[in-house]
There are 2 protein chains.
Amino acid sequence: MRYSANHKLETKEKLLQSSAVSAKKSGFSTVGVDGLMKAIGLSGGAFYSHFSSKDELFASIVERELSQSLARLEVDQGRERLERCLKHYLSMAHVETPESGCALPALGAEIARSDLMVRQQAESWICRLQKNWALTLESDSLAWAILSQCIGALVVARMLATPEVQRTVLKSSYDEICRQIA
Amino acid sequence: MRYSANHKLETKEKLLQSSAVSAKKSGFSTVGVDGLMKAIGLSGGAFYSHFSSKDELFASIVERELSQSLARLEVDQGRERLERCLKHYLSMAHVETPESGCALPALGAEIARSDLMVRQQAESWICRLQKNWALTLESDSLAWAILSQCIGALVVARMLATPEVQRTVLKSSYDEICRQIA
DNA sequence: GTCTATACTACGATAGAC
DNA sequence: GTCTATCGTAGTATAGAC
């Protein structure tokens, strides 16, 4: 073969990484196959050597992103560690750079409109994170509530126009969560 | 004129209503001008007698939806009334019918990617709701936190595959919010 | 104000050369 | 595996008839 066996893996990996960034920043449906391939220096036609459709790429992005995003949020016992984790999540840096942040606030609506297989992937990763937090918090209910609140705070903050109000939203959620888990 | 003065207003109103439903259900960017017009029984070309671009329509949808969605959430003092409001918001019916629900969980990501004017509109309405809740809750911080949590719970629930897990997410947020405001 | 027709661009996807 | 070329469709937007 004219290309090494590893080359395909590397190209696919680059495509996944680059497409995930693009999707979190601008939305998945708004960027075409041609644009996704150009972003890694290839032509649009080459896409179909790696995925049989654009939807299949989205499923792979969701799988990859959730396993990475949510793994970074897992915590091994200790509320101080969880609090530090939340401070990082609820930061202006996270609001301003969706492309390098958690996939859930950025792709939530598009995942919701995807087919069952994608939503099952999402569910299994989200449940895994919830169980992890529930261990530390000693409450399933509180773990779900905090998880929802974190994602909601980012969605809300990103919709706003004024950095100061954005900061207020983030700080409010952080403060109230700390109060809850104290 | 061959059409009454009122006819234009009525058509525009029908277009706004129908497009808002479509946007909340399927996303705004995924439906074309032609589809939006066909949904109210008109041809695509007639669109530009009402809006100069598709983006202008989106701005109008956001304005209209937020003024309506958020007005329904305003509450005049009394935590029981707020609790009933939240129970309604955090319901499976709301998860399953985004087209008739709140615009924030459904359009959040698209609003976030819109230009400044749209985000300013969003901010002013969201701040108004926050101030209203803060009056009842006697806490600005708690009002922001609960607002974020409600939106987040809907975003999360809609991403999931299993109704039972969806119900758990909703109930957890409801329970924890009630605990906070008790 | 709405229609049909159209210009122009972009989309997802495929075919064949290398 | 990647390229160029292409098919068929659908996108936003405009022009001119009624």
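Side-chain atoms are counted along with the backbone in the values below, which use heavy atoms only and exclude waters and symmetry mates. Just so it is clear: chains get the letters A, B, ... in the order the sequence lines come, proteins before strands, and each one is counted from 1.
DNA chain C is contacted by both A/G44 and A/G35; A/G35 maps to the nucleotide lying nearer its 5′ end (nearest heavy atom per residue).
The side chain of A/T11 contributes no N or O atom lying less than 4.0 Å from OP1 or OP2 of D/dG1. Within the 4.0 Å cut-off from OP1 or OP2 of D/dC3, at least one side-chain nitrogen or oxygen of A/S43 is found.
Crowding of B/M92 atom CE: a count of heavy atoms from other residues, nucleotides or ligands under 6.0 Å exceeding 12.
A 4.5 Å side-chain heavy-atom check between A/L104 and A/L70 finds at least one atom pair inside the cut-off.
Set against D/dC3, D/dG1, C/dG12, the side chain of A/K8 has D/dG1 as its closest nucleotide. Of the candidates D/dC3, C/dC3, C/dT2, the closest approach to any side-chain atom of B/H50 belongs to C/dT2. Each of D/dT14, D/dT2, C/dA13 was ranked by its minimum atom distance to the side chain of B/Y48; first place goes to D/dT14. Closest contact between the side chain of B/V33 and the listed nucleotides C/dT2, D/dT12, D/dG1 involves D/dT12. Of all nucleotides listed (D/dT12, C/dG1, D/dG1), C/dG1 comes nearest to the side chain of B/H7.
Between B/F28 and B/F58, the ring planes are tilted. Angles from 30° to 60° get that label.
When all heavy atoms of B/K24 and B/A106 are compared, the pair lying nearest together is O-CB, 3.7 Å.
Residue B/G32 is classed as a sugar-phosphate contact, given heavy-atom separations below 4.0 Å to backbone atoms only.
Rounded to whole angstrom, the span from the CG atom of B/D34 across to the P atom of C/dA5 amounts to 13 Å.
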